Amino acid sequence: LYSMNEVLVDELRQASNFGFTQEKQSDIPGLNGKLSEYGAAVGLAVLDCFPEKLAARESLSQTYREAIKSNGMLEAGFAMQETSGRVIQQFASLLCPPGIDSQDVSSRLLAKGIQTRNYFHPPCHTQKAFQAYPHGELAVTQDLSSRILSLPFWEHMPLDHVEHIIAAVRQVCSIKE
């Protein structure tokens with residue numbers, strides 16, 4: 001992106017990142033426009049080994065599901081999104097039980113050296129760019145967005161990291177054995 005108009009460049013960069021400011025507030029409508037030429041070239045180069053990469057992501061997602069189930073987290077009110085068919089896993093989103101705020105969990109995990117993301121919080125209808133549009137109360141959206149936590153997830157992540165992460169989530173959420 002090249003321009004002598006610095007304000008325009010800043011606005012276009014913000015728009016290419018979902019309209020987010022540094023504070024993760026969407027002040028203007030935006031989209032995900034962050035794919036560089038380099039990223040596109042890497043994507044093309046990966047096409048030949050895409051089935052193996054997909055299998056690795058599916059394996060990691062299944063490992064998370066099994067760890068959450070075997071550690072009693074489903075009984076404690078946690079959930080993961082149900083999918084059908086083959087889904088390309090981008091991240092492992094965990095829905096915390098009612099009363100557990102994902103931002104609080106995220107902060108506590110970060111103190112333990114585990115980075116997570118709250119991709120779905122705050123919800124779109126609370127963002128400045130969308131407040132002028134009509135919407136209902138959206139209580140379910142508010143509730144779910146405050147409880148979804150995206151756990152670490154990358155292609156070559158060692159599967160034993162999952163047990164460590166799940167144990168840490170259990171600890172910071174005070175889930176008993």
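Keep in mind that this is a model prediction, so the values were computed, not measured. Sequential numbering from 1 along the given sequence is applied to the chain's residues.
Taking hydrophobic clusters as Ile, Leu, Val, Met, Phe, Trp and Tyr residues chained together by side-chain heavy-atom distances below 4.5 Å, Leu94 does not share a cluster with Leu144. Hydrophobic clustering (side-chain heavy atoms under 4.5 Å, transitive across Ile, Leu, Val, Met, Phe, Trp, Tyr) groups Leu159 together with Tyr64. A single hydrophobic cluster is not seen to contain both Phe120 and Leu149; linkage of ILVMFWY side chains at heavy-atom distances under 4.5 Å, directly or through other members, places them apart. Residues Ile114 and Phe91 fall into different hydrophobic clusters, defined by Ile, Leu, Val, Met, Phe, Trp and Tyr side chains chained together at heavy-atom separations under 4.5 Å. Under a hydrophobic-cluster definition in which Ile, Leu, Val, Met, Phe, Trp and Tyr are linked whenever side-chain heavy atoms come within less than 4.5 Å, directly or via other members, Leu95 and Leu151 are assigned to different clusters.
Counting only distance, with no hydrogens or angles, the side chain of Asn17 and the backbone of Gly19 share no donor-acceptor pair below 3.5 Å. Counting only distance, with no hydrogens or angles, the side chain of Ser102 and the backbone of Ser146 share a donor-acceptor pair below 3.5 Å. Remark: side-chain polar atoms of Ser59 are not paired, donor with acceptor, to backbone N or O of Ala55 under 3.5 angstrom. Under the 3.5 Å distance criterion, the side-chain polar atoms of Ser145 are matched with a main-chain donor or acceptor of Thr141. In terms of modelled atom types and a separation under 3.5 Å, the side chain of Asn71 and the main chain of Ala67 share a donor-acceptor contact.
The structure places CZ of Arg108 at 10.0 Å from CD of Gln171, a figure rounded to the nearest 0.5 Å. Rounding to the nearest 0.5 angstrom, the gap separating the CG atom in Asp160 from the CD1 atom in Ile165 is 9.5 Å. Note that CZ of Arg65 is 11.0 Å distant from CG of Leu60, once rounded to the nearest 0.5 Å. To the nearest 0.5 angstrom, Glu11 atom CD is 12.5 Å from Glu6 atom CD. Taken to the nearest 0.5 Å, the CZ atom of Arg117 stands 12.5 Å off from the CD atom of Gln103.
Looking at heavy atoms from C-beta onward, Leu110 lies out of side-chain contact with Thr116 at the 4.5 angstrom threshold. Between Tyr119 and Ser93, every side-chain heavy-atom pair lies at or beyond the 4.5 Å cut-off. Residues Ile148 and His121 form no side-chain contact, since every pair of their non-hydrogen atoms from C-beta on lies 4.5 Å or further apart. A 4.5 Å side-chain heavy-atom check between Lys53 and Cys49 finds at least one atom pair inside the cut-off. The shortest side-chain heavy-atom distance between Ser150 and Asn118 does not fall under the 4.5 Å cut-off. Side-chain contact between Leu138 and His135 is present, with at least one heavy-atom pair separated by less than 4.5 Å. Met73 is listed as a side-chain neighbour of Val169, based on a closest heavy-atom distance under 4.5 Å.
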Which side-chain N or O atoms in residues 123-131 pair as donor and acceptor under 3.5 Å with protein atoms at least two apart or in another chain?
unit_1	atom_1	unit_2	atom_2	d
His125	NE2	Gln142	OE1	2.9
Thr126	OG1	Pro123	O	2.7
Gln127	OE1	Ser26	N	2.3
Gln127	NE2	Pro122	O	3.4
Gln131	NE2	Thr126	O	2.7

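Heavy-atom contacts from other residues, nucleotides or ligands closer than 6.0 Å to CD of Gln81 number 12 or fewer.
Here the shortest heavy-atom pairing between Ser61 and Phe153 reads N-CE1, 3.9 Å. For the residue pair Ala79 and Leu74, the shortest heavy atom distance occurs at CA-CD2, 4.4 Å. Of all heavy-atom pairs between Val162 and Met157, the closest is CG2-CE, 3.9 Å. Residues Arg147 and Ile100 approach most closely at CG-O, 3.6 Å, considering heavy atoms.
Using modelled atom types and a 3.5 Å distance limit, the side chains of Glu58 and Gln62 yield no donor-acceptor pair.
Using cut-offs of 30° and 60° for the angle between ring planes, the Trp154 and His161 rings count as perpendicular.
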